[in-house]
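Below is one structure, written out as structure tokens; comments come after it.
Please read these numbers as outputs of a predicted model, since none were measured by experiment.
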Amino acid sequence: MLLVFQLVFGLVLAHSGILRNDTVAKLEAKNAPPEQIEAVSKVMEGPTKYAFVIGGPVVLMFSLLVTSGLLYFIANLMLGARLRFIHYLCIAAYGGVVGIVDQMVRMGIALGRGTLVVNLGIGAFMGEELSRFMHVADTATDPLLLWATAIEALGVSVMARKSFGFGVLAVLPGFLLLVSLSAFQQ
């Protein structure tokens, strides 16, 4: 189900022209020569845009495996849970299913605004241009991302038969890693 949604989201993005618009806007902001902007625009209008359609499910599978591995390392090896890797893969996948809501909301806003720059946390109140710190704060306060993370924490705690705090401790390093990586989203 997650892969199907990623393919659909990728197709919608490929046909909407948002990727091309954002790429051209970044090049214009860097004062790139018009020839370079035109060349990039041609490439983004061609079949290359479908690489993003294939890239979505590949990145999804990689992120599920990394998330599961991180949960396995933290919960089993550091906190003493006794679950198999497949349990953590299921928890990460269910968190991804809940995260589809976040992606659908972001996609709707992106299509309406014509840009992939969508802030759902505190950044929604701060205007268009955010500093690196504000990107981190925006990601950390995104209610739909927090919901998906809470579902993962709940999944760890229920499957490990531990308290919710145990699940939060297991999920927290992955969440902090995701939040810190959002600083590079500029």
Side-chain angles (χ1 to χ4, degrees), residues 1-10 13 22 51-110 116-126 130-186:
M1 182 164 125
L2 283 172
L3 294 176
V4 171
F5 270 101
Q6 289 302 316
L7 284 171
V8 169
F9 290 152
L13 281 177
D22 279 358
F52 295 103
V53 175
I54 303 301
V58 170
V59 169
L60 172 70
M61 295 306 295
F62 179 73
S63 68
L64 286 177
L65 291 173
V66 168
T67 300
S68 303
L70 189 61
L71 286 173
Y72 181 86
F73 176 75
I74 298 294
N76 273 15
L77 302 178
M78 295 186 77
L79 298 176
R82 300 280 181 230
L83 298 176
R84 295 184 333 208
F85 181 79
I86 194 72
H87 292 112
Y88 296 111
L89 185 59
C90 289
I91 291 166
Y94 192 69
V97 169
V98 173
I100 288 174
V101 175
D102 185 33
Q103 286 183 310
M104 288 176 21
V105 168
R106 286 180 181 279
M107 182 71 66
I109 294 170
L116 286 175
V117 179
V118 176
N119 302 313
L120 294 179
I122 196 160
F125 305 106
M126 300 297 192
L130 298 179
S131 66
R132 288 191 192 275
F133 174 75
M134 286 311 300
H135 272 292
V136 170
D138 178 59
T139 303
T141 57
D142 177 354
L144 298 173
L145 177 62
L146 289 171
W147 178 33
T149 304
I151 291 297
E152 285 184 3
L154 183 64
V156 170
S157 62
V158 167
M159 284 193 166
R161 294 188 179 111
K162 305 271 185 178
S163 69
F164 182 70
F166 178 88
V168 169
L169 283 176
V171 171
L172 190 61
F175 177 76
L176 293 176
L177 180 65
L178 177 68
V179 166
S180 60
L181 287 175
S182 71
F184 299 108
Q185 180 191 0
Q186 281 185 321

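The line from NE2 of H87 to CZ of R82 is 14.0 Å long, rounded to the nearest 0.5 Å. Between the CG atom of D142 and the CG atom of L178 there is a distance of 9.5 Å, given to the nearest 0.5 Å. Note: L116 CG to L13 CG = 5.5 Å, rounded to the nearest 0.5 Å. Note that CG of L146 is 10.0 Å distant from OG1 of T139, once rounded to the nearest 0.5 Å. Put simply, OH on Y72 and OH on Y88 are 8.0 Å apart, with the number rounded to the nearest 0.5 Å.
Put simply, the side chain of L145 reaches to within 4.5 Å of the side chain of F175, judged on heavy atoms. In this structure, F5 and Q103 have side chains that are not in contact, with every pair of non-hydrogen atoms separated by 4.5 Å or more. Side-chain contact between L71 and L83: absent, with no pair of heavy atoms (C-beta onward) separated by less than 4.5 Å. For the pair T67/E152, a side-chain contact is recorded, criterion being any heavy-atom separation below 4.5 Å from C-beta on. Two residues are said to be in side-chain contact when any heavy atoms from C-beta on lie closer than 4.5 Å; I86 and L89 meet this criterion.
Under the side chain to side chain contact (heavy atoms under 4.5 Å, CB included) criterion, I122 pairs with M126, M134, A137, T141, not counting sequence neighbours. Taking F73 as the reference, L77, M78 meet the side chain to side chain contact (heavy atoms under 4.5 Å, CB included) condition, with sequence neighbours excluded. In terms of the side chain to side chain donor-acceptor pair (under 3.5 Å) criterion, residue partners of D102 (sequence neighbours excluded) are, by chain and number, R106.
Across every non-hydrogen atom of N119 and G123, the tightest pair is CB-C, 3.6 Å. Closest non-hydrogen pair, F166 versus A75, comes out as CZ-O, 3.9 Å. When every heavy atom of F164 is checked against every heavy atom of A153, the shortest pair comes out as CE1-CB, 3.9 Å. Heavy-atom minimum distance, A93 versus L2: O-CD1, 3.5 Å. Shortest non-hydrogen contact noted between A148 and G95 is CB-O, 3.6 Å. Residue D138 comes nearest to L120 through the heavy atom pair OD1-N, 3.6 Å, listed as atom of the first residue, atom of the second, then distance.
Each of V171, L172, V179, V168 was checked for a side-chain contact (heavy atoms from CB on, under 4.5 Å) with T149, and the lone residue meeting it is V171. Applying the side-chain contact (heavy atoms from CB on, under 4.5 Å) test between L144 and each of V105, V98, I100 identifies V105 as the sole match.
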Kindly determine whether L3 and M61 satisfy side chain to side chain contact (heavy atoms under 4.5 Å, CB included), including the steps that lead there. CA-CA 8 Å; L3 294 176; M61 295 306 295; 3.7 Å; yes
